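Worksheet for the structure shown next.
The structure displayed is predicted, hence computed values, not measured ones.
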Amino acid sequence: MKLSEISERFGVNDKTVSRWLDTLENHQYIRVTRAPRGLILWVRNSKKRTDKNVRSLRR
């Protein structure tokens, strides 16, 4: 992925995404590898939801 793709998706600046990724990496939630054509992201400690009976809030 490229920073520009992520920033476009979230509607923020590239620097903001870079800060977010640095924070997540520093707290060891993700591992980031810089590649020639973008970034490779790995989620380190993914927690799957076990409560399958959660409903969305009605509006």
Side-chain angles (χ1 to χ4, degrees):
M1 299 185 88
K2 294 183 180 181
L3 281 178
S4 59
E5 293 176 56
I6 299 169
S7 64
E8 185 178 312
R9 172 166 265 181
F10 286 100
V12 296
N13 193 322
D14 287 358
K15 286 187 176 189
T16 301
V17 172
S18 184
R19 269 195 325 271
W20 289 348
L21 293 175
D22 286 342
T23 300
L24 290 169
E25 191 172 24
N26 289 338
H27 287 91
Q28 299 180 350
Y29 288 105
I30 64 171
R31 189 173 89 197
V32 179
T33 300
R34 276 103 182 137
R37 296 179 189 230
L39 302 171
I40 301 169
L41 306 173
W42 283 280
V43 178
R44 289 181 172 232
N45 296 317
S46 175
K47 303 280 187 197
K48 291 188 178 182
R49 291 186 71 147
T50 58
D51 53 342
K52 295 183 181 185
N53 295 324
V54 176
R55 293 186 182 179
S56 298
L57 297 173
R58 291 187 184 195
R59 293 184 183 203

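- Looking at every heavy atom in both residues, Ile6 comes nearest to Met1 through CG1-CE, 3.9 Å.
- The list of side chain to side chain donor-acceptor pair (under 3.5 Å) pairs with a residue in residues 30-42, not counting sequence neighbours, is empty.
- Note that the OG atom of Ser4 and the CZ atom of Arg9 stand 12.5 Å from one another [nearest 0.5 Å].
- Within 6.0 Å of atom CD in Glu8, 12 or fewer heavy atoms from other residues, nucleotides or ligands are found, so the atom counts as exposed in its surroundings.
- Atom CG of Leu39 sits about 9.5 Å away from atom CD of Glu5, to the nearest 0.5 Å.
- Ile40 is not connected to Leu24 by any chain of hydrophobic side-chain contacts under 4.5 Å among Ile, Leu, Val, Met, Phe, Trp and Tyr, and they are in different clusters.
- The one candidate from Thr16, Thr23, Asp22 that meets the side-chain contact (heavy atoms from CB on, under 4.5 Å) condition with Trp20 is Thr16.
- Clustering ILVMFWY residues whenever any of their side-chain heavy atoms sit less than 4.5 angstrom apart, transitively, puts Ile30 in the very cluster that holds Val12.
- Listed here is the closest heavy atom pair of Asp14 and Leu3: OD1-O, 3.7 Å.
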